[in-house]
A.B. asks: 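One structure follows; several queries about it will come next.
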Amino acid sequence: MSGSTPPSARSRPFRRRKRFGQHFLTDAATVERVFAALRLAQGDHVVEIGPGTGALTGRLVEEAAAVTAVEIDNSLAERLRHRFPGARIIAADALRTCWRDLLAAAGDSRIRLVGNLPYNVATRILAQWLDGAERVFDMHFMLQAEVAARLTARPGGKAYGRLSVLAQHRCRVERLFDVPAASFSPPPKVHSAFVRLQVAPAATPCDLETLGHVLRVCFAQRRKKLARALKSLHCDAKALELDPQVRPEELSVGDFVAIANHYREASVPTTRQTVPERPVP
Ligand code: SAM
């Protein structure tokens, strides 16, 4: 039996976990481009999703007032805690984290969301944040290029869908630059792109759950006539001033918002109680 003490988590050799989509950014020039795009200010509170081996975390700690990072891999989170004692490193699944509590801890600071997202859960993480975007200033994500194309897609194209509408309803979306697979270790099989989502007040407010439902119904029959989707939603094309002959995939973000608001108004039961009149004594 050896008398030596077991190595601590941080000195143990690191084992990459494929199931967590671990492709670490190793190209210094790409890290520079990311930080040039971020334009961090001293008072910013950065929330990093999936910090991994800390390719971005170190610079974030230097340049922002506060950094909170959520990493699912316990061993990586442990290492990061030792390397960056000034940052708050949470070992948790970003999809199960209560973001509202976490953001409340940031007080009045400007919240910047950053992440080289694990590709297998990137769209779910995005959808979660689009839902809670009101407290966030902006988001910068490294994503699979195909997801970036969906985020920025315009009506009519194949990439245009639910994610495009949800993102563009809440944010101004920009595909900033593409990143070759060789910038990561190990290189992923897909191309990547770095995107910015600048949160902005919606042109027309809309209940997001209703919008999500309308989008699900419409894009399930994206190449059929709009009349069919509107029928399942019990909506009237005429009242909406929409051509029932077009395809759902040709509608603009504003059109979907109008359908969602119309659908909600038509389906919300009237809450006003009818009080029975008292008989005159
Ligand atoms: N930010 C690092 C970089 O740029 O080198 C790592 C990026 S790597 C593509 C994705 C990271 O997200 C990994 O560290 C992985 O363990 C972590 N991750 C995967 N799924 C996660 C989840 N559901 N919640 C939080 N972190 C997750």
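For ligands, and for the atoms within them, numbers begin at 1 and follow the listed sequence.
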A.B. asks: Of the protein's non-hydrogen atoms, which lies at the shortest distance from atom 20 (N) of ligand 1, and what is that distance?
C.D. replies: Pro118 CG, 3.4 Å

A.B. asks: Is there side-chain contact between Ile90 and Leu102, with heavy atoms separated by less than 4.5 Å?
C.D. replies: yes

A.B. asks: Going by the closest heavy atom to atom 1 (N) of ligand 1, which one wins out of Gly54, Gly52, Gly21, Gly50?
C.D. replies: Gly50

A.B. asks: In terms of heavy-atom contacts, does CZ of Arg124 have more than 12 from other residues, nucleotides or ligands at under 6.0 Å?
C.D. replies: no

A.B. asks: Short list, please: which atoms of ligand 1 are under 4.0 Å from a heavy atom of Ala92?
C.D. replies: 24 (N), 25 (C)

A.B. asks: Using 30° and 60° as the class limits, which term best fits the ring planes of Phe219 and Tyr160: parallel, tilted or perpendicular?
C.D. replies: perpendicular

A.B. asks: What is the nearest protein non-hydrogen atom to atom 19 (C) of ligand 1, stated with its residue, atom name and distance?
C.D. replies: Phe20 O, 3.1 Å

A.B. asks: Do any nitrogen or oxygen atoms of Thr53 come within less than 3.5 Å of a nitrogen or oxygen of ligand 1?
C.D. replies: no

A.B. asks: Evaluate Leu25 for polar contact with ligand 1, using N/O atom pairs at a separation under 3.5 Å.
C.D. replies: yes

A.B. asks: Would one find more than 12 heavy atoms of other residues, nucleotides or ligands at under 6.0 Å from atom CD of Glu241?
C.D. replies: no

A.B. asks: What residue and heavy atom of the protein are closest to atom 10 (C) of ligand 1, and at what distance?
C.D. replies: Asn116 O, 3.5 Å

A.B. asks: Backbone or side chain, does any N or O of His23 fall under 3.5 Å from an N or O of ligand 1?
C.D. replies: no

A.B. asks: Counting non-hydrogen protein atoms only, what is the nearest one to atom 16 (O) of ligand 1? Give residue, atom name and distance.
C.D. replies: Glu71 OE2, 2.6 Å

A.B. asks: Leu226 versus Leu251: any side-chain heavy-atom pair under 4.5 Å?
C.D. replies: yes

A.B. asks: Taking only heavy atoms of Ala55, which atoms of ligand 1 are found under 4.0 Å from at least one of them?
C.D. replies: 5 (O)

A.B. asks: If you measure every N or O of Ala94 against every N or O of ligand 1, does any of those distances drop under 3.5 Å?
C.D. replies: yes

A.B. asks: At less than 4.0 angstrom from any non-hydrogen atom of Val70, what atoms of ligand 1 do you find?
C.D. replies: 25 (C), 26 (N)

A.B. asks: Between Ser183 and Leu25, is there a side-chain heavy-atom distance shorter than 4.5 Å?
C.D. replies: yes

A.B. asks: Would you call Thr123 and Arg150 a side-chain contact if the rule is heavy atoms closer than 4.5 Å?
C.D. replies: yes

A.B. asks: Report the residue from Arg162, Lys158, Arg222, Lys225 that forms a salt bridge (Lys or Arg N to Asp or Glu O under 4.0 Å) with Glu249.
C.D. replies: Arg222

A.B. asks: What atoms in ligand 1 come closer than 4.0 Å to a heavy atom of Gln22?
C.D. replies: 13 (C), 15 (C), 16 (O)

A.B. asks: Does Pro188 reach ligand 1, in the sense of a heavy atom lying below 4.0 Å from it?
C.D. replies: no

A.B. asks: For the 3.5 Å polar cut-off, considering only N or O atoms, please tell me whether Asp93 and ligand 1 meet it.
C.D. replies: yes

A.B. asks: Given Gln168 and Arg154, is the side-chain hydrogen bond (donor to acceptor under 3.5 Å, both in side chains) satisfied, shown in steps?
C.D. replies: CA-CA 10 Å; Gln168 293 169 31; Arg154 297 289 168 211; 3.0 Å; yes

A.B. asks: Should the proximity of Glu48 to ligand 1, defined as any heavy atom under 4.0 Å, be assigned to the side chain, the backbone, both, or neither?
C.D. replies: side chain

A.B. asks: Check whether any side-chain heavy atom of Thr30 lies under 4.5 Å from a side-chain heavy atom of Phe184, and answer yes or no.
C.D. replies: no

A.B. asks: Atom 2 (C) of ligand 1: which protein heavy atom is closest, and how many Å away?
C.D. replies: Pro51 O, 3.2 Å

A.B. asks: Taking C-beta and beyond as the side chain, do Leu76 and Phe20 meet within less than 4.5 Å on heavy atoms?
C.D. replies: no

A.B. asks: Considering only non-hydrogen protein atoms, determine which one is nearest to atom 18 (N) of ligand 1 and report residue, atom name and distance to 0.1 Å.
C.D. replies: Ile72 CG2, 3.6 Å

